[in-house]
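Report on the following structure.
Because only heavy atoms are used, hydrogens play no part in the values below, and waters and symmetry mates are left out as well, while side chains stay in.
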Amino acid sequence: MAKTLVLAEKPSVGKEIARVLGCRRALDGGLEGERYVVTWALGHLVELAPPEDYDKTWTKWDLLTLPMLPEQMKTVVIRESSRQFRAVQALMRRGDVSELVIATDSGREGELVARWIMEKAGWKKPAKRLWISSQTDKAIREGFQNLRPAQAYDDLYHSARARSEADWLVGLNVTRALTCKYGAQLSAGRVQTPTLALIVDREEEIRRFVPKEFYTLQVKCQGFSAIWRDKNGQARTFDRAQAERLAAALGGKTGVLTEVRRTYRQTPPPAAYDLTELQRDANKKYAYSAKETLSLMQSLYERHKLLTYPRTDSRYISDDVTATLPERLKSVMVDEYRDLARAILMKRPLQTRFLVNNAKVTDHHALLPTTRRADLSKMSAEERQLWDLVVRRMLAAFYPPCEYDATRVITQVGEHTFRTTGRVVLQNGWRDVQPLETMPRKRKGKEEAEDKALPPLQAGDTRTVAKAEVKEDMTKPPSQHTDASLLLAMENAGKELEDETLREQMKGSGIGTPATRASIIERLVQVGYVQRKGKTLLATPKGIALIGIMPAEIASPETTGRWEKALDEITTGKQDPARFMEGIRKLSAFLVRYARENQKPA
């Protein structure tokens, strides 16, 4: 009887798939059943060959032998996991194995893991792709009922291979060139270096910053306060004497309310989480590093099977996922979520307009709880915190917008204008579900009066100025980067865009991918270019020195963002991988020339 070989990425996932498929008989490197044989990689089993495999002169680090630009990139079996590779290869060569199912992680890196193994092992028979967004038994069974031809994911493989080869060419050439030039071990890379540049540039911006005193003027009238504005609408003045003269002259004066404008407004719930957004919120709220958050998410995904595929860049779901929503809501009806979920389920049809958007779903939909009922007692405290964020974000999406009346009051005291803003909440809506401290908020300067409830006011009313007060403050430098702010800057190629619409437009143009950003940050810490101080990420003298000798062609976040955009376009078939690699080869040669010709800065 012909059998299907299933190739998973990790032993733990492979064994779960084997259990669902009824494969119980142990093999060398796998498990076998009546219809299926399941095997697994150990992460990567195959990698790009080292330089010395192409040319023996490349064994020695020497500036004269650079650049290293092999005509065709080769792969080799990783020595430490060669035993498992041979076991997988033996299963592929079995006469009764007629087809292969790629069941590695459903993403770019997972595709590369499988394709390199298949290529190295000489697989020539038919292959299909398992593409699932959760590890529950139901998801696995449904996935095997909906396998697609492996060729449908060829562009994803081409993108993955191009990314890996680009990192080899740029990383090895620039690292060797700089190390040989300056006689010190220096590590650089296509993605690592611009990330470091973001941290160094921020610290340089802080170092150059010169604080200045500024003043604001607030008047208190019956029932409300107001902030002075100049003719250009600015609340700050740098002239203390002017502010104090004005304050002294205003006491006891009468102000006329020249404008009272009330506007009905709605704030819709935020979109569901993608990986980067969850990493940012977990860093802000719990001080978890990006790597720690990803590790917790992987545990919730693989071990507990309570979270969908973590490495997603989508914040919405597609129409075909909506049928699973009632089951997902029932699965989270535990503890403090029970009443919130029940209230949603009682109102049919489900209100999904803030959650469903087919156009904004890429390889995987937004992070959601799975249909498996949660057992909170089996989670660690840290896993519980992450799961709480995801569950509340999903529940919030079903609730109505927060509704409020926004009020703007203009008070004229003689020739001087004062502004007051306030709001009256009409319906909390989703804010009853989502913890306020995780809300994306617009930054507000200190000179802006806090929104608060106001008494009944009408245009033409008069109010006596009971008190005029000058408040002194200092301009503030930008904050040091944290994991949260750095992830945002990486996602947007150096631009910290809080606006969700702008961030969607930038998607695919950032530094790295959601799946790789955590490891990039950790790599900078490991090699000594960055150090953690609490939540803050600080560049070390070594990191600052490296950026000082780097050309903009590799240190620029915008340049790297264009490369990532090109890789994204290779995935969708819009870009030729050969054209991308030609540009990378030219860049590698340029970086070597740059290292040879430029002197170390004083």
Side-chain angles (χ1 to χ4, degrees), residues 265-288 293 296-297 300 306-308 310 312 314-317 321-322 325-326 328-347 350-357 360 365-370 374 376 379 381-404 406 423-444 450-452 484-485 487-488 497-501 503-504:
R265 288 183 181 164
Q266 291 186 342
T267 304
Y273 278 120
D274 62 8
L275 171 58
T276 303
E277 182 81 358
L278 182 58
Q279 286 172 318
R280 291 179 57 223
D281 275 357
N283 181 250
K284 291 178 195 172
K285 187 170 185 183
Y286 301 116
Y288 294 147
T293 298
L296 291 167
M297 293 166 71
L300 289 166
L306 295 175
L307 190 67
T308 56
T312 177
S314 299
R315 300 185 67 202
Y316 298 89
I317 65 171
V321 182
T322 55
L325 292 174
R328 294 180 197 274
L329 287 164
K330 289 172 185 173
S331 75
V332 303
M333 290 180 69
V334 293
D335 286 19
E336 68 262 39
Y337 315 106
R338 184 176 284 107
D339 291 342
L340 294 169
R342 183 181 288 122
I344 295 167
L345 284 165
M346 287 175 66
K347 295 179 181 178
L350 296 177
Q351 300 301 308
T352 59
R353 63 189 174 118
F354 300 117
L355 190 57
V356 175
N357 190 325
K360 292 183 178 180
H365 60 66
L367 284 164
L368 294 177
T370 65
L376 304 185
M379 295 186 207
E382 294 79 9
E383 289 168 342
R384 175 82 172 79
Q385 289 169 334
L386 262 291
W387 194 74
D388 176 79
L389 289 175
V390 174
V391 170
R392 288 185 182 277
R393 183 62 76 95
M394 179 191 75
L395 293 174
F398 293 102
Y399 274 72
C402 172
E403 301 177 23
Y404 61 95
R423 67 171 63 191
V424 176
V425 175
L426 307 173
Q427 174 179 265
N428 265 335
W430 60 273
R431 289 190 185 274
D432 286 333
V433 182
Q434 184 76 10
L436 288 177
E437 57 267 33
T438 66
M439 289 304 127
R441 293 178 178 176
K442 291 182 180 177
R443 291 177 182 172
K444 185 179 273 190
E450 288 295 320
D451 285 348
K452 57 180 71 174
S485 67
L487 285 167
L488 184 62
L497 303 174
E498 292 285 353
D499 185 274
E500 188 178 325
T501 303
R503 285 165 56 202
E504 283 293 327

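Annotation: salt bridge (Lys or Arg N to Asp or Glu O under 4.0 Å) contacts of Arg342 (sequence neighbours excluded): Asp339. By the salt bridge (Lys or Arg N to Asp or Glu O under 4.0 Å) test, Arg265 is found to be paired with no residue, residues two or more places apart in sequence or in another chain being considered. Under the side chain to side chain donor-acceptor pair (under 3.5 Å) criterion, Tyr288 pairs with Gln385, not counting sequence neighbours.
Lys360 places none of its side-chain heavy atoms less than 4.5 Å from the side chain of His365. Counting heavy atoms from C-beta on, the side chains of Gln351 and Pro400 never come closer than 4.5 Å. Contact annotation: the side chain of Thr267 never approaches that of Pro401 to less than 4.5 Å [non-hydrogen atoms, C-beta and beyond]. With contacts defined as side-chain heavy-atom distances shorter than 4.5 Å, the pair Leu325/Ile344 does not qualify. The closest side-chain heavy-atom distance from Trp387 to Leu300 is below 4.5 Å. The shortest side-chain heavy-atom distance between Pro268 and Trp430 does not fall under the 4.5 Å cut-off. Using a 4.5 Å heavy-atom cutoff, the side chains of Leu329 and Leu395 are in contact. Contact annotation: the side chain of Glu277 approaches that of Arg393 to within less than 4.5 Å [non-hydrogen atoms, C-beta and beyond].
Distance CE/Met333 to CG/Leu345: 6.0 Å, rounded to 0.5 Å. The CG atom of Leu376 lies 5.0 Å from the CG atom of Asp335; values are rounded to the nearest 0.5 Å. The CZ atom of Phe354 sits 10.0 Å away from atom OH of Tyr316, with the distance rounded to the nearest 0.5 Å. Atom CD of Gln279 and atom CG of Leu386 lie 9.5 Å apart (nearest 0.5 Å). Here Ile317 contributes atom CD1 and Asn357 contributes atom CG; the two are 10.5 Å apart, rounded to the nearest 0.5 Å. Between the OH atom in Tyr273 and the CG atom in Leu278 there is a gap of 6.0 Å [rounded to 0.5 Å].
The closest donor-acceptor contact from the side chain of Asn283 to the backbone of Ala484 lies under 3.5 Å. A donor-acceptor pair under 3.5 Å links the side-chain atoms of Ser331 to the main chain of Thr370, judged by distance alone. The closest donor-acceptor contact from the side chain of Arg280 to the backbone of Ser485 lies at 3.5 Å or more, if one exists at all. Using a distance-only test at 3.5 Å, with no hydrogens or angles considered, a donor-acceptor pair links the side chain of Arg392 to the main chain of Val433.
Closest approach of Ala272 to Leu355, counting heavy atoms only: CB-CD1, 3.8 Å. Shown here for Ala366 and Thr308, the closest heavy-atom pair between the two residues is O-OG1, 3.6 Å. In plain terms, the two heavy atoms of Val425 and Cys402 that are nearest each other are CG1-SG, 4.5 Å.
For the 3.5 Å distance criterion, the side chains of Tyr399 and Asn428 fail to qualify, holding no donor opposite an acceptor. Looking only at atom types and distance, the side chain of Asp388 has a donor-acceptor partner in the side chain of Tyr337 under 3.5 Å away.
The side chain to side chain contact (heavy atoms under 4.5 Å, CB included) with Leu307 is formed by just one residue from the set Leu296, Val390, Leu368; it is Val390.
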Applying side chain to side chain contact (heavy atoms under 4.5 Å, CB included) to Phe398 and Leu350, what does each step give before you reach the verdict? CA-CA 7 Å; Phe398 293 102; Leu350 296 177; 4.2 Å; yes
Can Glu382 and Lys285 be said to form a salt bridge (Lys or Arg N to Asp or Glu O under 4.0 Å), step by step? CA-CA 12 Å; Glu382 294 79 9; Lys285 187 170 185 183; over 6 Å; no
Run the side chain to side chain contact (heavy atoms under 4.5 Å, CB included) check on Met394 and Leu367 step by step: do they pass? CA-CA 8 Å; Met394 179 191 75; Leu367 284 164; over 6 Å; no
Using the rule given for side chain to side chain contact (heavy atoms under 4.5 Å, CB included), can you reason through Arg328 versus Val321, listing the C-alpha separation, both sets of side-chain angles and the distance that settles it, and then say yes or no? CA-CA 10 Å; Arg328 294 180 197 274; Val321 182; 3.9 Å; yes
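For the pair Glu403 and Arg431, the salt-bridge criterion is not met [side-chain N within less than 4.0 Å of a carboxylate O].
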